[in-house]
Every structure is written in structure tokens, then in C-alpha cells.
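Step one of this worksheet: look at the structure below.
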Amino acid sequence: MLVYPSSIDLSSHTLRFLTGRLTARRQEIGTRWRRLTAGRQALLALAHLRCGDTYARLAAGFGIGIATAYRYIREAVDVLAALAPTLAEAMRIARTKAFVILDGTLLPIDRIAADTPYYSGKHKRHGMNIQVLTDPFGRLLWASPALPGSTHDLTAARTHGIVEALTDADLKCWADKAYQGAGGSIRVPFRGRRLKRWQRRYNSTHAKIRCLGEQAMATLKGWRLLRKLRCSTNRISAIVQAVLVLHHASA
């Protein structure tokens, strides 16, 4: 087995944050001894989430078994996911902003053609639908639990209660054409080929505002594990929430 040094493009503050949470977890459950210290376990989890390294590769690098690597990473993800903000908490922060941007993205998964619920006709691939709220500068505020990739963005927004939450908060929201008919405070561009001049100007202005939300998508995809998920679909929501917490911790 050849071993080589590598690096993770995260700050030491992120490592200390996760180490502190794992240390508290060990004290809570009364852990006496483990193969890895809390700091090494945190580094293991960050390598998996940020770099997308497999359990087998990480197990070899850290000198532990594959099953142990899986348990350590799962524990770290669950600890982080429990700290993720709820939609109600995100709305309290969003009220201090001029407006928010709503967008959806597909996280690719390794599923076969028979798994119809996970196939997105829009993207022509299997995946999980994630809804994201950002502030006017494109900074990530909140990410939803994952739904099967065949779920339409508007359906997903209604399922998570995003439309109602934005309306109750009387918060302006900019979204793309996928949210046509959402109503409430969600603003979408005009559809059609023969638009009036003022409608085209509106669409142009709308696109300039909404494109800032793409920065949040880039932030999520910066965690390379999310570029191709090979885990159970039941674990993807927790992984997304963990990434969200780490992103806020490193900001």
C-alpha cells in the first residue's frame, strides 16, 4: 500500500469546530477509548465530505478498518446534521435581508434506470432534489431535505413549506420559471416568446438578481462528495445538512 500526503481546502477553524462537537458527543455517551482521537475523526469526516474520498481509501490512510471508518463518518455527519437550522430559524435570519433567492438543484446519485422516482427528466440523470435559499449576495442560508430527483422544483418548495414560510414572513423572493404559479411573495420571470418590451426588461433584471443564487450551488458542489453520491438515499439529507453547518462554521 502506497501512502502519500494530501490536503483539504478548509480552514483549521472548521477542523476545531468539528473536533469540539465530537469531543462533546464522546463525553455525552461516555466514550473511554477509540482508535482515533476526536481530532483525527474530524479530519476523517472532512476528508470524506470535502474530497469525496471512499471509505476504503480513508480506512487505509488512517490505519483503521473500513467498517470503523464508516461508523466514525456517520457519527460525525449525524452530529453536524443535528445542528442544521430549520426553515423557521432560516426565516428569522432572512427577515433581516432585503430579499432572498430560491433555487433548486439536482445532486447526482448512482442509481440505475429502473429507479424511476430518482430520475430527473430535466437533467436526464438520476439524483436527489435539493431546495436552497440564499441572501441577496448569494450566500447560503438554508438547504432543504432531499427529495427524489423526479420531484418538480415547485412541488418540492410546497412540500417543504417554503412558499408558505416566505408568504407568512412577507419576504420578497426571486426564483426561476420552475416556480411559475407558486404565488405569494415569490417573483418569477414572464414566460412566452412574444413578450412586450417592458416584460423583456423585467426578465433581464430578474435574471441578473437570480444568477447570484448560483454561487450557493457552487458552494454546495465545492464539497466533492455531493458531485456524485454513492450512499443510501436515506442518508443524503443528513449529508446536505452537515455540509450546510460546516459551511456556516467556516464562514
Side-chain angles (χ1 to χ4, degrees), residues 48-54 73 77 80-81 84-87 90 94 100-135 138-166 173-182 186-189 191 203 206-207 209-248:
H48 179 65
L49 293 171
R50 188 68 176 181
C51 303
D53 290 335
T54 63
I73 292 171
V77 168
L80 290 169
T86 64
L87 180 58
V100 295
I101 301 170
L102 171 63
D103 202 358
T105 188
L106 187 82
L107 300 181
I109 60 175
D110 60 340
R111 288 297 182 269
I112 59 176
D115 295 318
T116 305
Y118 300 102
Y119 185 77
S120 169
K122 176 183 177 181
H123 298 89
K124 308 301 181 184
R125 64 193 308 179
H126 293 79
M128 299 295 283
N129 181 295
I130 298 292
Q131 299 295 301
V132 170
L133 286 173
T134 71
D135 68 8
R139 292 181 295 228
L140 187 59
L141 293 177
W142 179 79
S144 74
L147 292 175
S150 61
T151 308
H152 192 275
D153 281 339
L154 178 55
T155 302
R158 287 172 171 166
T159 300
H160 297 307
I162 300 172
V163 178
E164 293 80 0
L166 291 170
C173 175
W174 301 82
D176 61 24
K177 295 178 181 179
Y179 300 90
Q180 199 87 28
I186 296 181
R187 299 182 176 185
V188 297
R191 299 183 66 177
N203 282 1
H206 186 283
I209 295 174
R210 189 180 56 79
C211 71
L212 295 174
E214 296 299 327
Q215 297 180 23
M217 301 307 177
T219 296
L220 283 178
K221 299 300 174 65
W223 297 80
R224 285 179 279 280
L225 181 66
L226 298 182
R227 297 178 186 177
K228 185 68 173 182
L229 288 156
R230 295 177 173 83
C231 61
S232 167
T233 54
N234 296 326
R235 293 293 303 162
I236 294 177
S237 292
I239 291 173
V240 172
Q241 300 301 321
V243 167
L244 177 65
V245 171
L246 288 172
H247 168 69
H248 287 164

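FYI, side chains are in, hydrogens and waters are out, and symmetry mates aren't considered; it's all heavy atoms of this structure.
Panel note: side chain R187, backbone W174; no donor-acceptor pair is recorded below 3.5 Å. Counting only distance, with no hydrogens or angles, the side chain of Q131 and the backbone of L154 share no donor-acceptor pair below 3.5 Å. A side-chain donor-acceptor contact under 3.5 Å links S237 to the backbone of A146. Judged purely by atom type and a 3.5 angstrom limit, T159 uses its side chain to pair as donor or acceptor with the backbone of T155. Side-chain atoms of K221 never come within 3.5 Å of backbone atoms of A218 as a donor-acceptor pair (strictly under, hydrogens ignored). The backbone N or O of D53 lies less than 3.5 Å from a partner atom in the side chain of H48, making a donor-acceptor pair.
Between L220 atom CG and L244 atom CG the span is 8.0 Å, to the nearest 0.5 Å. Annotation: the span from L226 atom CG to R224 atom CZ amounts to 11.0 Å, rounded to 0.5 Å. With values rounded to the nearest 0.5 angstrom, T54 atom OG1 is found 9.0 Å from R230 atom CZ. Summarising the geometry, atom CG belonging to L49 is positioned 7.5 Å from atom CG belonging to L80; distances are rounded to the nearest 0.5 Å. Note: T219 OG1 to H247 NE2 = 5.0 Å, rounded to the nearest 0.5 Å. Considering CG of L102 and OH of Y179, their distance stands at 4.0 Å, rounded to 0.5 Å.
Contact record, A238 with A81: O-CB, 3.7 Å, taken as the closest heavy-atom pair. Taking each heavy atom of Q180 and P189 in turn, the nearest pair found is OE1-O, 3.4 Å. The two residues M128 and I109 have their closest heavy-atom pair at CG-CG2, 3.9 Å. Nearest heavy atom pair, residue H123 against residue S120, reads ND1-OG, 3.1 Å. In this structure, A84 and Q241 approach most closely via the heavy-atom pair CB-OE1, 3.1 Å. P148 and N129 make their closest contact through O-CB, 3.9 Å (heavy atoms, listed as atom of the first residue, atom of the second, distance).
Screening residues 140-157 for salt bridge (Lys or Arg N to Asp or Glu O under 4.0 Å) gives no qualifying pairs among residues at least two apart or on separate chains.
Contact annotation: the side chain of Y119 never approaches that of S150 to less than 4.5 Å [non-hydrogen atoms, C-beta and beyond]. The shortest distance between side-chain heavy atoms of V243 and L225 does not fall below 4.5 Å. Residues D103 and T134 are not in side-chain contact: their nearest non-hydrogen atoms beyond the backbone lie 4.5 Å or more apart. Counting only heavy atoms from C-beta outward, the side chains of I239 and W223 never approach each other to under 4.5 Å.
Tested against C173, the residues I162, I101, I186 include a single side chain to side chain contact (heavy atoms under 4.5 Å, CB included) partner, I186. When Q215, R210, E214 are each tested for a side chain to side chain contact (heavy atoms under 4.5 Å, CB included) with L212, only one passes: Q215.
Around CZ of R125, the count of heavy atoms belonging to other residues, nucleotides or ligands within 6.0 Å does not exceed 12.
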Verify side chain to side chain contact (heavy atoms under 4.5 Å, CB included) between V77 and R235, making sure each step is shown before the conclusion. CA-CA 9 Å; V77 168; R235 293 293 303 162; 3.6 Å; yes
